**Student:** 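Here's a structure for you.
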Amino acid sequence: MNFASDNTYGAHPAVMAALADCNDGAVMGYGADPVTARAEAAIRDALEAPRAVVRFVATGTAANALVCGQLAPRYGRIYCHRDAHIETSECGAPEFFTGGAKLVTLPGEHGKLQPEALTDAMWRGAADGLNGGRNGLISITNASEWGTVYTPDEVSALARVAHDAGLPLHMDGARFANAVAALGCSAADVTWRAGVDALCFGGTKNGAMGAEAVVFFNPDLAEEFDYRRKQSGHVFSKQRFLAAQMLALVENGLWLELAGHANGLAARLAEGVAAAGGSLLAPVQSNAVFATIPPEAHARAKQAGAIYYLWPDKSAEGLDPVPIRLVTACDTSEADVEALIAVLAG
């Protein structure tokens, strides 16, 4: 019963098969191979964005940091939620790859930025002039770090704030598949049609071994990005093995099928947590459940071998009630979900 994260499970069999399939023979390296070309085209098709520039990297941190470096000046201000992954969990990589840009973190209910707060913060930042640096980039996360999902209208509202100020909008989509599956809209509706300029399209948390796609919807924004990616060590000589993973997920819609499975199990977990006397801390809209549970239920779960994080403080043992985070994955089993629900209920 492992609910620690969606990166604790293995790669999906279709991904492993794709890796094996592309392992025969010799092809050109550094992305000049047919698998990479097919994977880039498949992502453009999934996003309904025929002009988009698509590039592959191995980690979500690299994807986010490289986009920040591409779009924000080194003296810029990058606005994000205070719980955004680029703020809490990337070891200063965005600041490093920008050469000194400043992350400006903002509050927002359940992990989401609000246009009014963003507008106010940007005005204050610009008013500081040379002292504060220049407003440079807006970054949002969909699905958010609290498992909530921005709708197309919510993304559009933030994009208007960004574009009115002459700034690009970046979407950290480590769990982009979960967001699209939850919304039931097209991937285009919640990205470029809503005003997103750059997307980090996650694969690792949705069945890949380790692969992410960086997408620039306006090719002009990708100028010289290949040099930046090369300098960071993310132009793989055997690029086909990154591309094959994303191709297996995206080409036939597997990415949404797997995300829908994880989302459905999270919804079932939420029901079970509530029935066991727990309380939800945020709406369950994707594949994560944030809740508090009675200490006795927590003790039973740990005794039974359940693995999950306390949240937001991972050392918060002894609190009453106990705050937890449960994350389901593309290959989490219904049996594990029902077993945990039974343990929590006692």
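Here the structure is a predicted model, which means the values were calculated and not measured.
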**Student:** Taking atom types as modelled, find out whether Asn178 and Asn263 have a side-chain donor-acceptor pair closer than 3.5 angstrom.
**Tutor:** yes
**Student:** Can you tell me which residue pairs pass the salt bridge (Lys or Arg N to Asp or Glu O under 4.0 Å) test with a partner in residues 184-201, sequence neighbours excluded?
**Tutor:**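 Non-adjacent pairs meeting salt bridge (Lys or Arg N to Asp or Glu O under 4.0 Å): Glu48-Arg193, Asp189-Arg193.
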**Student:** What heavy-atom pair brings Val190 and Cys185 nearest, and what distance separates the two atoms?
**Tutor:** CB-SG, 4.2 Å
**Student:** Side chains of residues 36-46: which donor-acceptor pairs under 3.5 Å do they make with residues two or more places apart or in other chains?
**Tutor:**
unit_1: Thr36; atom_1: OG1; unit_2: Asp33; atom_2: OD1; d: 2.8
unit_1: Thr36; atom_1: OG1; unit_2: Asp33; atom_2: OD2; d: 3.2
unit_1: Arg38; atom_1: NH2; unit_2: Glu251; atom_2: OE1; d: 2.9
unit_1: Arg38; atom_1: NH2; unit_2: Glu251; atom_2: OE2; d: 3.0

**Student:** Without swapping roles, check the side chain of Gln70 against the backbone of Glu223 for a donor-acceptor pair under 3.5 Å.
**Tutor:** yes
**Student:** Between Arg77 (side chain only) and Gly133 (backbone N and O only), is there a donor and an acceptor less than 3.5 Å apart?
**Tutor:** no
**Student:** Fit a plane to each ring of Trp146 and Phe290, take the angle between them on a 0 to 90° scale, and name the class: parallel (under 30°), tilted (30 to 60°) or perpendicular (over 60°).
**Tutor:** tilted
**Student:** Any idea which heavy atoms bring Pro94 and Ala65 closest together, and the distance?
**Tutor:**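 Scanning both residues completely, I find the closest heavy atoms to be N-CB, 4.0 Å.
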**Student:** Not counting sequence neighbours, list each pair that qualifies as a ring pair (Phe, Tyr, Trp, His ring centres under 6.0 Å) and has a residue in residues 224-252.
**Tutor:**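 Applying ring pair (Phe, Tyr, Trp, His ring centres under 6.0 Å) to every pair that reaches into residues 224-252, excluding sequence neighbours, yields Phe216-Phe225.
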**Student:** Checking the side chain of Glu212 only, and the main-chain atoms of Thr59 only, is there a donor and an acceptor separated by less than 3.5 Å?
**Tutor:**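 It does not hold such a pair.
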**Student:** Per the salt bridge (Lys or Arg N to Asp or Glu O under 4.0 Å) rule, what does the pair list look like for residues 163-175, sequence neighbours excluded?
**Tutor:** Asp6-Arg175
**Student:** Distance only, no hydrogens: is a donor on one side chain within 3.5 Å (strictly under) of an acceptor on the other, for Tyr79 and Asn135?
**Tutor:** yes
**Student:** Looking at every non-hydrogen atom in both residues, tell me the closest pair between Ala266 and Val289 and how far apart they are.
**Tutor:**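 In this case the closest contact between Ala266 and Val289 is O-CG2, 3.3 Å.
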**Student:** Testing the basics here: between Arg300 and Gly346, what is the closest heavy-atom pair and its distance to 0.1 Å?
**Tutor:** NE-CA, 3.4 Å
**Student:** Would you confirm whether His170, through its side chain, and Leu137, through its main-chain N or O, come within 3.5 Å as a donor-acceptor pair?
**Tutor:** no
**Student:** Would you confirm whether Thr98, through its side chain, and Arg74, through its main-chain N or O, come within 3.5 Å as a donor-acceptor pair?
**Tutor:**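 Side chain of Thr98 to backbone of Arg74, a donor-acceptor pair under 3.5 Å: no, none is there.
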**Student:** For the pair Gln285 (side chain) and Val149 (backbone), establish whether a donor and an acceptor sit closer than 3.5 Å, ignoring hydrogens and angles.
**Tutor:**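 Side chain of Gln285 to backbone of Val149, a donor-acceptor pair under 3.5 Å: yes, one is there.
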**Student:** Does any part of the side chain of Tyr9, heavy atoms only, come nearer than 4.5 Å to the side chain of Asn2, both counted from C-beta?
**Tutor:** yes
**Student:** Nearest 0.5 Å, what's the NZ-CE distance between Lys302 and Met1?
**Tutor:**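 Result: 10.0 Å between the selected atoms.
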**Student:** Distance from Cys200 atom SG to Asn142 atom CG, nearest 0.5 Å?
**Tutor:** 12.5 Å
**Student:** Decide yes or no for Thr191 and Met171: does some side-chain heavy atom of the first lie under 4.5 Å from some side-chain heavy atom of the second?
**Tutor:**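 Yes; the side chains approach each other to less than 4.5 Å.
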**Student:** Would you say that Leu326 contacts Val273 through its side chain, given a criterion of any heavy-atom pair below 4.5 Å between the two side chains?
**Tutor:** yes
**Student:** Evaluate the side-chain contact (heavy atoms from CB on, under 4.5 Å) criterion for residues His261 and Leu265: first the C-alpha distance (whole Å), next the side-chain angles of each, then the deciding distance (0.1 Å), finally the verdict.
**Tutor:** CA-CA 6 Å; His261 169 82; Leu265 291 184; 3.4 Å; yes
**Student:** Hey, is the main chain of Ala211 close enough, under 3.5 Å, to the side chain of Thr204 for a donor-acceptor pair?
**Tutor:**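 Such a contact is found between Thr204 side chain and Ala211 backbone.
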**Student:** Less than 4.5 Å apart, any side-chain heavy atom of Val104 and any of Ile78?
**Tutor:**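 Answer no - side chains too far apart.
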**Student:** Checking one residue: Tyr30. Which other hydrophobic residues are in its cluster under the side-chain 4.5 Å linking rule?
**Tutor:** Val235
**Student:** So Ile324 and Phe3, side-chain contact (heavy atoms from CB on, under 4.5 Å) or not? Walk me through it.
**Tutor:** CA-CA 10 Å; Ile324 65 170; Phe3 298 95; over 6 Å; no
**Student:** Who are the side chain to side chain contact (heavy atoms under 4.5 Å, CB included) partners of Ala187, not counting sequence neighbours?
**Tutor:**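 Once residues adjacent in sequence are excluded, the partners of Ala187 under the side chain to side chain contact (heavy atoms under 4.5 Å, CB included) criterion are Leu47, Phe176, Val180, Trp255.
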**Student:** My understanding is that only residues two or more places apart in sequence, or in another chain, count here; which of them pass salt bridge (Lys or Arg N to Asp or Glu O under 4.0 Å) with Glu271?
**Tutor:**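 Residues passing salt bridge (Lys or Arg N to Asp or Glu O under 4.0 Å) with Glu271: Arg268.
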**Student:** Taking Ser144 for the side chain and Thr141 for the main chain, is one N or O donor matched with an acceptor at less than 3.5 Å?
**Tutor:** no
**Student:** So, does Thr328 use its side chain to make a donor-acceptor pair with the main chain of Ala262 at under 3.5 Å?
**Tutor:**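 Confirmed, Thr328 side chain pairs with Ala262 backbone.
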**Student:** OG of Ser279 to CD1 of Ile293: how many Å apart, nearest 0.5 Å?
**Tutor:**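 That separation rounds to 11.0 Å.
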**Student:** For a side-chain contact (heavy atoms from CB on, under 4.5 Å) check, start with the C-alpha distance between Thr105 and Cys80, then their side-chain angles and the critical distance, and finish with the verdict.
**Tutor:** CA-CA 5 Å; Thr105 63; Cys80 63; 4.1 Å; yes
**Student:** Can you sort out the partners of Arg160 under salt bridge (Lys or Arg N to Asp or Glu O under 4.0 Å), two or more places apart, ordered by chain and number?
**Tutor:**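 Arg160 satisfies salt bridge (Lys or Arg N to Asp or Glu O under 4.0 Å) with no residue once adjacent residues are dropped.
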**Student:** Enumerate the salt bridge (Lys or Arg N to Asp or Glu O under 4.0 Å) contacts for residues 141-152, please, sequence neighbours excluded, ordered by first and then second residue.
**Tutor:**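 Residue pairs passing salt bridge (Lys or Arg N to Asp or Glu O under 4.0 Å), neighbours aside: none found.
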**Student:** About how many Å separate CE of Met16 and CG of Asp21, when rounded to the nearest 0.5 Å?
**Tutor:** 11.5 Å
**Student:** Is any side-chain heavy atom of Phe201 closer than 4.5 Å to a side-chain heavy atom of Val250?
**Tutor:**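 Counting from C-beta outward, Phe201 and Val250 do come under 4.5 Å.
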**Student:** When you compare the side chain of Val67 with that of Val214, does any pair of heavy atoms fall below 4.5 Å?
**Tutor:**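 In short, these two side chains touch, coming nearer than 4.5 Å.
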**Student:** Please check: side-chain N/O of Asn287 versus main-chain N/O of Val327, any donor-acceptor pairing under 3.5 Å?
**Tutor:** no
**Student:** With sequence neighbours left out, what residues match Tyr75 under side chain to side chain contact (heavy atoms under 4.5 Å, CB included)?
**Tutor:** Pro73, Arg134
**Student:** Any salt bridge (Lys or Arg N to Asp or Glu O under 4.0 Å) pairs touching residues 105-118, not counting sequence neighbours?
**Tutor:** Lys112-Glu154
**Student:** Would you name the heavy atoms of Gly260 and Ala181 that are closest together and state the gap between them?
**Tutor:**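 What the structure gives for the nearest pair is N-CB, 3.9 Å.
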**Student:** Residues two or more places apart in sequence or in another chain: which of them pass salt bridge (Lys or Arg N to Asp or Glu O under 4.0 Å) with Asp120?
**Tutor:**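 For Asp120 the salt bridge (Lys or Arg N to Asp or Glu O under 4.0 Å) partners, ignoring immediate neighbours, are Arg124.
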**Student:** Which distance, rounded to the nearest 0.5 Å, do you find between the CD of Glu334 and the CD1 of Ile341?
**Tutor:** 10.5 Å
**Student:** Between Pro107 and Arg82, what is the shortest heavy-atom contact and its length?
**Tutor:** CB-NH1, 3.6 Å
**Student:** One pair to check against side-chain contact (heavy atoms from CB on, under 4.5 Å): Arg55 and Asp226. What are the steps and the verdict?
**Tutor:** CA-CA 8 Å; Arg55 295 293 185 264; Asp226 284 337; 2.8 Å; yes
**Student:** Distance check, rounded to the nearest 0.5 Å: Thr151 atom OG1 versus Asp153 atom CG?
**Tutor:** 5.0 Å
